[in-house]
A.B. asks: 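Handing you this structure, nothing more for now.
These figures come from a predicted structure and were not determined experimentally.
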Amino acid sequence: MKLGFEIYYFDENTFGFEVTFPKDKSFVVLDGSASENDVALLIGSLLALNELNLDGKFIDALHKEDELALVGGLSFEKENTIIGPSCCADLQDWKEIVEGVHSKKTSWMGHDPDPWFEFSDNDITLWSDEADSKNLSCIKFSQSEFEKMAIELDLELSQCLSLIEVWINKNYEDAPIELYNGIKDYLRC
């Protein structure tokens with residue numbers, strides 16, 4: 001289980017910090033292997049998509065649930081099958097998915113395709129698309145496997161937050177602590 005977002009392309013000179021768009025990927029994973037450029041892509045994508053500047057208004061928006069949009073969320077992979085967030089899934093909704101699985105309730109991961117969870121006893125099945133029964137794939141795991149994945153995700157996010165803090169201290173002098181706390185709130189950490 002990984003948490004990531006779709007890059008929202010913007011002019012590289014718009015926000016006053018250095019960013020390079022990768023040519024080989026459009027989905028950025030927020031984990032311990034993230035780079036400072038990945039952080040710049042996160043901040044820049046949030047700013048550009050929501051038509052904001054890197055200032056107090058942006059920081060205020062980070063603290064409000066469902067205020068900012070950014071396509072992304074949880075991605076699951078097992079035995080060469082990958083099921084990730086779909087259209088209109090929001091990065092910030094990842095926590096509801098984890099809580100939903102903990103309580104054995106399916107959570108929305110986007111549409112077209114429309115992934116969904118199915119629960120039986122101690123097993124969890126994540127189906128790729130509720131609407132397309134012909135091209136359906138799934139990932140199965142136990143509740144205990146899911147718990148381990150959730151713990152690993154928290155650890156990866158913690159490592160990523162350390163990198164985000166470094167990036168903020170290099171790129172935002174006005175209110176670095178406030179921006180860092182806003183990003184933590186936005187990511188629900």
A.B. asks: Is the ring pair F146/F141 parallel, tilted or perpendicular, if the boundaries are 30 and 60 degrees?
C.D. replies: parallel
A.B. asks: Please find out if less than 6.0 Å separates the ring center of Y172 from that of Y180.
C.D. replies: no
A.B. asks: Measure the spacing between CD1 of I83 and CD1 of I139 and express it to the nearest 0.5 Å.
C.D. replies: 4.0 Å
A.B. asks: If the threshold is 4.0 Å, N to carboxylate O, is there a salt bridge linking K2 and E77?
C.D. replies: no
A.B. asks: Assess whether atom CD of E173 is packed by more than 12 heavy atoms of other residues, nucleotides or ligands within 6.0 Å.
C.D. replies: no
A.B. asks: Does a donor on one side chain and an acceptor on the other come within less than 3.5 Å for S107 and E96?
C.D. replies: no
A.B. asks: For K140, does the NZ atom have more than 12 heavy-atom neighbours from other residues, nucleotides or ligands under 6.0 Å away?
C.D. replies: no
A.B. asks: With rounding to the nearest 0.5 angstrom, report the CD1 to CG distance, I168 to L161.
C.D. replies: 9.0 Å
A.B. asks: Could you check whether F17 and W167 have their ring centres less than 6.0 Å apart?
C.D. replies: yes
A.B. asks: Tell me whether D11 at atom CG has more than 12 heavy atoms from other residues, nucleotides or ligands lying less than 6.0 Å away.
C.D. replies: yes
A.B. asks: Would you please say whether a donor-acceptor pair under 3.5 Å links the side chains of N37 and S35?
C.D. replies: no
A.B. asks: Decide, yes or no, whether a salt bridge links E99 with K105 under the criterion of side-chain N to carboxylate O below 4.0 Å.
C.D. replies: no
A.B. asks: First locate atom CG of D129, then atom CG of D112, and finally report the distance between them rounded to the nearest 0.5 Å.
C.D. replies: 7.5 Å
A.B. asks: Yes or no on side chain to side chain contact (heavy atoms under 4.5 Å, CB included) for L42 and L70, after CA distance, side-chain angles and deciding distance?
C.D. replies: CA-CA 9 Å; L42 171 66; L70 185 59; 3.7 Å; yes
A.B. asks: Which label fits F21 and F10: parallel for a plane angle under 30°, tilted from 30 to 60°, or perpendicular past 60°?
C.D. replies: perpendicular
A.B. asks: Indicate yes or no: does E145 engage K78 in a salt bridge with an N to O separation below 4.0 Å.
C.D. replies: yes
A.B. asks: Calculate, to the nearest 0.5 Å, the distance between atoms CG and OG belonging to N122 and S144 respectively.
C.D. replies: 6.0 Å
A.B. asks: Nearest 0.5 angstrom please: L62 CG to E178 CD, how far?
C.D. replies: 12.0 Å
A.B. asks: Hey, is K25 close enough to D38 for a salt bridge, meaning N to O under 4.0 Å?
C.D. replies: yes
A.B. asks: Would you find more than 12 non-hydrogen atoms of other residues, nucleotides or ligands less than 6.0 Å from E118 atom CD?
C.D. replies: yes
